[in-house]
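Single-structure report; data block below.
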Amino acid sequence: MSKIGLVLIGEENIFQHIKAISTVPEYFFREELVGNRGDDTNALRDSTSEAAVILTGLVEKDYWISEALKNKKHVITYPPICKSYKNAKDIFYLTQKYNRHLFFFYSQGWYKLKNIIRSLISKDHRLGVVLAIDLKLEVSQKQIKFDDLGIVESYCYECLNLLNTYENPIDVVWARTRALALNRPFEDWAWMQLRFKNGIEATVHINGLSEKAYWSVDIFGTAGHVRYSNDRDLFNSNGLVGQYKHWANAVVMRSGGEEEEYLSNWRIIEWIQQAARMDMPIISKEVRIG
């Protein structure tokens, strides 16, 4: 296949990305565009590039994603991409208007747990029928000090995707957050109970007061219980290579991106925050967005 041209915007983990891209034969990028931050707008106009990798901070990320889409580039970036459901809808509108897609990077620990949970729910019969999932994400307190959002907006998207909510809709949410209780600007502790349409119950606990970041998950079935844990690995070039290859294949095969799933999960994030504010279970038809 012909190579896919990339434009890199921003500097977050940029050297790991450059190293990863250089080892994936499906891609090329103009290295002179990297590091020259004043040339980002012109870089997006480069007709030899079909996609933009957005590596900026959250404050400016939705702007650069929108600019990339307006220049008819596919986009790959880290979640979250914006600060509200409304902003996500605006970006989703641009993907439809310009017929382009969004793709997301995740840590290697996330991918490992995603495959385990999906396998146990759909194929593994040693647990019998899966009844409940208990998911915990510990986040470094040092990290959340640099985040522009609370931990619900920053990390809940990853948790929701682990639980396959797009394929298995949530019916009821009950949530508590420490920030809302103490009127702090950002949450640093959150707990939520989710009831899915197929009967599975899940609890999700995100703790932003830890010293290191890691995942743990317990899956309970009618015939047994299993527990897994994994570090929430920092992004590295080796882990990024596989993600770039997967994304290249998606573009070549003209398969869809992750826009609808992202928008669906942003709705759930606002649902969770509504339940936390009201301190009571909220059913699907009672969700108020915005």
Side-chain angles (χ1 to χ4, degrees), residues 6-18 20-21 29 33-46 49-98 100-107 110 139 143-161 185-187 206 208 213 232 234-235 239-240 243-244 247 251 257-270 273 290:
L6 294 177
V7 173
L8 276 65
I9 305 294
E11 299 181 349
E12 184 177 335
N13 300 317
I14 192 168
F15 295 111
Q16 293 94 322
H17 282 272
I18 292 173
I21 293 167
F29 68 98
L33 295 177
V34 178
N36 184 3
R37 301 275 55 88
D39 202 28
D40 284 340
T41 300
N42 288 332
L44 288 176
R45 295 171 181 162
D46 179 16
S49 299
E50 301 169 69
V53 182
I54 309 298
L55 305 175
T56 67
L58 184 63
V59 172
E60 53 184 334
K61 187 180 290 184
D62 60 344
Y63 169 80
W64 286 113
I65 290 174
S66 298
E67 288 299 300
L69 293 170
K70 291 174 184 177
N71 282 276
K72 299 184 178 179
K73 310 294 185 193
H74 299 288
V75 173
I76 182 168
T77 189
Y78 301 105
I81 62 173
C82 55
K83 292 188 174 184
S84 73
Y85 178 78
K86 180 183 182 300
N87 291 149
K89 284 187 69 175
D90 292 342
I91 291 173
F92 184 48
Y93 166 77
L94 293 177
T95 64
Q96 294 177 315
K97 180 177 180 179
Y98 296 105
R100 291 301 181 263
H101 292 301
L102 291 172
F103 300 91
F104 297 103
F105 295 112
Y106 295 100
S107 71
W110 184 92
V139 183
Q143 176 60 43
I144 67 168
K145 290 181 180 179
F146 295 100
D147 290 342
D148 297 304
L149 295 176
I151 58 172
V152 173
E153 296 97 327
S154 296
Y155 301 101
C156 197
Y157 181 79
E158 298 179 46
C159 298
L160 294 171
N161 267 15
F186 303 125
E187 308 102 339
I206 310 174
R232 188 178 181 274
L234 295 176
F235 296 93
L240 289 170
Q243 298 184 58
Y244 271 112
W247 182 76
V251 171
E258 302 176 58
E259 300 90 2
E260 290 191 37
E261 189 169 37
Y262 188 87
L263 194 62
S264 173
N265 283 339
W266 248 111
R267 177 180 179 273
I268 297 170
I269 288 170
E270 296 217 358
Q273 291 178 323

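Residue numbers start at 1 and run along the sequence shown.
In this structure the side chain of Val75 never reaches within 4.5 angstrom of the side chain of Arg100, judged on heavy atoms. Residues His101 and Thr95 fail the side-chain proximity criterion, which asks for heavy atoms closer than 4.5 Å. At least one side-chain heavy atom of Leu6 sits under 4.5 Å from a side-chain heavy atom of Tyr244. At a threshold of 4.5 Å between non-hydrogen side-chain atoms, the residues Ile9 and Leu55 do not count as touching. Side-chain atoms of Cys156 and Ile151, non-hydrogen and from C-beta on, never get closer than 4.5 Å to each other. Within the 4.5 Å cutoff, the side chain of Trp64 has heavy atoms near those of the Leu44 side chain. The side-chain heavy atoms of Gln273 and Glu187, taken from C-beta on, include a pair separated by under 4.5 Å. The shortest distance between side-chain heavy atoms of Ile91 and Leu102 falls below 4.5 Å.
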Exercise for the section: Would you please test Asn265 and Ile268 for side chain to side chain contact (heavy atoms under 4.5 Å, CB included) and show each step? Expected result: CA-CA 5 Å; Asn265 283 339; Ile268 297 170; 3.7 Å; yes
Practice task
Apply side chain to side chain contact (heavy atoms under 4.5 Å, CB included) to Ile81 and Leu58, showing your working.
Solution key: CA-CA 7 Å; Ile81 62 173; Leu58 184 63; 5.8 Å; no
Handout entry: side chain to side chain contact (heavy atoms under 4.5 Å, CB included) between Lys61 and Cys82, intermediate numbers included
Key = CA-CA 7 Å; Lys61 187 180 290 184; Cys82 55; over 6 Å; no
Practice task
Begin with the C-alpha distance, continue with both residues' side-chain angles, and end with the deciding distance and a verdict on side-chain hydrogen bond (donor to acceptor under 3.5 Å, both in side chains) for Asn71 and Tyr98.
Solution key: CA-CA 8 Å; Asn71 282 276; Tyr98 296 105; over 6 Å; no
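Paired with Val53 under the rule side-chain contact (heavy atoms from CB on, under 4.5 Å), one option of Val7, Ile14, Ile76 passes, and it is Ile76. Paired with Phe104 under the rule ring pair (Phe, Tyr, Trp, His ring centres under 6.0 Å), one option of Trp247, Tyr262, Trp110 passes, and it is Tyr262.
Thr77 places a side-chain N or O within 3.5 Å of a backbone atom of Ile54 that can act as its donor or acceptor partner.
With sequence neighbours excluded, the residues satisfying side-chain contact (heavy atoms from CB on, under 4.5 Å) with Lys86 are Ser84, Asp90.
Centroid-to-centroid, the aromatic rings of Phe92 and Tyr85 stay 6.0 Å apart or farther.
Between Lys72 and Glu50 no salt bridge is recorded (no basic side-chain N to carboxylate O distance below 4.0 Å).
The NZ atom of Lys73 sits 12.5 Å away from the CD atom of Glu67 when rounded to the nearest 0.5 Å. How far CD1 of Ile269 is from CD of Glu153: 7.0 Å, rounded to the nearest 0.5 Å. The NZ atom of Lys83 sits 9.5 Å away from the OG atom of Ser154 when rounded to the nearest 0.5 Å.
Ring pair Tyr78/His17 is perpendicular by interplanar angle, where above 60° counts as perpendicular and below 30° as parallel.
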